[in-house]
Amino acid sequence: MKKYLLLIEDEKLWEKFKEIIEKDINSEIIELIKHKIGGKK
């Protein structure tokens with residue numbers, strides 16, 4: 001498994017994201033990536 005560093009410049013946007021996620025942050029980001037490339041949600 002590879003690990004990546006995520007840099008967030010917009011702290012207000014990040015706070016909003018953290019408020020709406022249902023799972024852990026890594027799982028939510030993976031779901032967003034899958035959705036963006038046309039995979040299953």
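Since we're looking at a predicted model, the values are computed, not measured. FYI, side chains are in, hydrogens and waters are out, and symmetry mates aren't considered; it's all heavy atoms of this structure.
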Please find the pair of heavy atoms, one from Asp24 and one from Ile21, that lie closest to each other, and give the distance. C-CD1, 4.4 Å
Nearest heavy-atom neighbours spanning Glu28 and Glu22: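 Looks like OE2-N, 2.9 Å.
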Establish whether Ile20 and Trp14 are linked, either directly or via other cluster members, by ILVMFWY side-chain heavy-atom contacts under 4.5 Å. no
Consider only side-chain heavy atoms of I, L, V, M, F, W and Y, link residues closer than 4.5 Å, and tell whether Leu13 and Ile8 are in one cluster.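 No; Ile8 is not reachable from Leu13 via cluster members.
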Decide side chain to side chain contact (heavy atoms under 4.5 Å, CB included) for Leu32 and Phe17; before the verdict, give the C-alpha distance in whole Å, the side-chain angles of both, and the deciding distance to 0.1 Å. CA-CA 12 Å; Leu32 290 170; Phe17 176 73; 3.6 Å; yes
Hey, are Lys18 and Glu15 close enough for a salt bridge, meaning a charged N less than 4.0 Å from a carboxylate O?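 Between Glu15 and Lys18 there is a salt bridge, with a charged N closer than 4.0 Å to a carboxylate O.
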